[in-house]
Amino acid sequence: MRVQSSATAPTGIAVPAPPKTFGTLQAALGVAAFSLTFPATAWGLEGFGPWSLVAVRSVLAALVAGGCLLALRVPVPSRRHRRGLAVVAAGVVVGFPLLTTLALQTSTTAHAAVVVGLLPLTTALFSALRMGTRPSRTFWAAALAGAAAVVAFTVQQSGGALTTADLYLFAALLVCAAGYTEGGRLAGVMPGWQVIAWALVLCLPFSVPAAALALSYEPVHLTAHSVAGLLWVAAGSQFVGLVVWYRGMAAIGIPKASQLQLAQPLLTLVWSVLLLGEHLTVAAPLTAAAVLVCIAVTQRARG
């Protein structure tokens, strides 16, 4: 991927946003990369323990990101941006991967995809709170309807009560939405690839010892699936996908970009069948479609 010349601009100077059409394309590419995350994680869990998988993916992604930062001699972000980068690191680098990986130990990727289908709405809500915007009543009504559909789906699929996996997934929604929102804001003042790159590097002092500790306790069985899954979640989901995602958000805005993720649950459902051989219940695509409708309403709602 070619890095724009603005990548070496001082982080205190606003970065000119790319054309909106190009920004939409980049955000869409990010969604496509993210849609493979759950199937790739399921593959990774065939050979790695959950803690090992998350820690090693973070280390590998940070090495790629750090190499890019060093090669381009990117200056260290100013102090005022470091708190935001810490939020991105906590939500996107650590929180979401760990919580969803723990959930996928007992949950199917199709079930997880439907629950995480609420991420666009959650991100839009966090954006409203963080940026001080006031969505309309129609927006809130659609957001609540989408949330109700997902909660009803999870309770029905779990036999009348939420499971531990569901709680992991709902927590993952919150931390990821916070990371997306803060990352989208930072992508307006520094190139999007630097946002995730610095967040990954910020985690290195923690991810390296965590990887060493986890690998010493969890057995590793290398297979073609587990290696491919690890490489994808490290390079595709954790770095390249987030690079184009944050650039897209900077170009077209956080709320609009977040709504492009309406396609992600449906794409993941397709991958779960093609790559994992999972059998879908009727409720899964129906709930995903209901959430899609709710998100489409929020996209049109004026605040």
Side-chain angles (χ1 to χ4, degrees), residues 31-58 60-61 91-119 122 150-151 153-155 157-159 161-177 179 207 210-211 214-215 217-238 241-242 261 264-281 283-285 287-288 291:
V31 170
F34 299 154
S35 71
L36 280 163
T37 300
F38 286 174
T41 300
W43 274 7
L45 287 171
E46 293 180 13
F48 295 89
W51 297 90
S52 299
L53 181 61
V54 173
V56 172
R57 73 180 272 185
S58 178
L60 292 178
V92 178
V93 178
V94 178
F96 186 79
L98 177 59
L99 291 166
T100 53
T101 300
L102 292 174
L104 286 171
Q105 288 187 286
T106 55
S107 171
T108 65
T109 59
H111 180 93
V114 173
V115 176
V116 177
L118 278 178
L119 186 55
T122 312
V150 170
V151 170
F153 169 80
T154 56
V155 170
Q157 292 288 296
S158 305
L162 296 178
T163 65
T164 301
D166 293 326
L167 297 178
Y168 282 141
L169 291 171
F170 283 123
L173 282 174
L174 297 178
V175 298
C176 189
S207 58
L215 289 171
Y217 280 93
E218 294 178 336
V220 175
H221 304 287
L222 295 181
T223 64
H225 274 183
S226 63
V227 172
L230 172 63
L231 292 178
W232 180 260
V233 294
S237 302
Q238 192 84 76
L242 284 167
Q261 282 190 300
Q264 186 173 325
L266 296 175
L267 285 173
T268 301
L269 291 180
V270 173
W271 297 130
S272 70
V273 173
L274 295 179
L275 300 179
L276 304 176
E278 293 185 0
H279 299 286
L280 301 181
T281 64
T287 305
V291 172

>> Can you give me the closest heavy-atom contact between Pro39 and Leu275, atom names plus distance?
In response: CB-CD1, 4.2 Å
> When you check the side-chain N and O atoms of Ser35 and Trp271, is any donor under 3.5 Å from an acceptor?
Replying inline: yes
> Taking only residues two or more places apart in sequence or in another chain, which ones pass ring pair (Phe, Tyr, Trp, His ring centres under 6.0 Å) with Phe34?
Replying inline: Trp245
> If we only count heavy atoms from C-beta on, is the Phe48 to Leu230 side-chain gap below 4.5 Å?
Replying inline: yes
> Out of curiosity, Gln105 CD to Thr100 OG1, how far, rounded to the nearest 0.5 Å?
Replying inline: 11.0 Å
> What closest approach, in Å, do Ala61 and Ala234 show between heavy atoms, and which atom pair accounts for it?
Replying inline: CB-O, 3.3 Å
> Got a second to check how far Leu102's CG is from Ser107's OG, nearest 0.5 Å?
Replying inline: 12.0 Å
> Just by distance, do the side chain of Thr268 and the backbone of Gln264 share a donor-acceptor pair under 3.5 Å?
Replying inline: yes
>> Looking at every heavy atom in both Val114 and Ala284, which two are closest together, and how far apart are they?
In response: CG2-O, 3.7 Å
> Is there a donor in the side chain of Thr109 and an acceptor in the side chain of Glu278, or the other way round, less than 3.5 Å apart?
Replying inline: yes
>> I want to check something: taking the side chain as every heavy atom from C-beta on, are Ser226 and His221 in contact at a cut-off of under 4.5 Å?
In response: no
> Which atom names give the shortest non-hydrogen contact between Gly241 and Ala33, and what distance separates them?
Replying inline: CA-CB, 3.9 Å
>> When you compare the side chain of Pro50 with that of Glu218, does any pair of heavy atoms fall below 4.5 Å?
In response: yes
>> If we count only N and O atoms by modelled type, under 3.5 Å, do the side chains of Trp232 and Ser237 hold a donor and an acceptor together?
In response: yes
> Which atom pair, heavy atoms only, marks the closest approach of Leu99 to Val175?
Replying inline: CD1-CG2, 4.0 Å
>> Among residues at least two apart in sequence or on other chains, which ones pass side-chain contact (heavy atoms from CB on, under 4.5 Å) with Val270?
In response: Leu274
>> Is there a side-chain contact between Val116 and Phe38 in this structure, where contact means two heavy atoms from C-beta onward sitting under 4.5 Å apart?
In response: yes
> Do Gln238 and Val233 come close enough that some side-chain heavy atom pair is under 4.5 Å?
Replying inline: no
>> So, taking the atom named CZ in Phe153 and the one named CG in Leu118, what distance separates them when rounded to the nearest 0.5 Å?
In response: 11.5 Å
> About how many Å separate OG1 of Thr106 and NE2 of His111, when rounded to the nearest 0.5 Å?
Replying inline: 9.0 Å
> Taking atom CG of Leu169 and atom CZ of Phe96, what is their separation to the nearest 0.5 Å?
Replying inline: 8.0 Å
> Hey, what do you get for CD (Glu46) to CG (Leu53), rounding to the nearest 0.5 Å?
Replying inline: 11.0 Å
> What closest approach, in Å, do Leu119 and Ala177 show between heavy atoms, and which atom pair accounts for it?
Replying inline: CD1-N, 3.9 Å
> With sequence neighbours left out, what residues match Leu266 under side-chain contact (heavy atoms from CB on, under 4.5 Å)?
Replying inline: Leu269, Ala288, Leu292
> Is Thr101 close to Tyr168 at the side-chain level, that is, under 4.5 Å between some pair of heavy atoms?
Replying inline: no
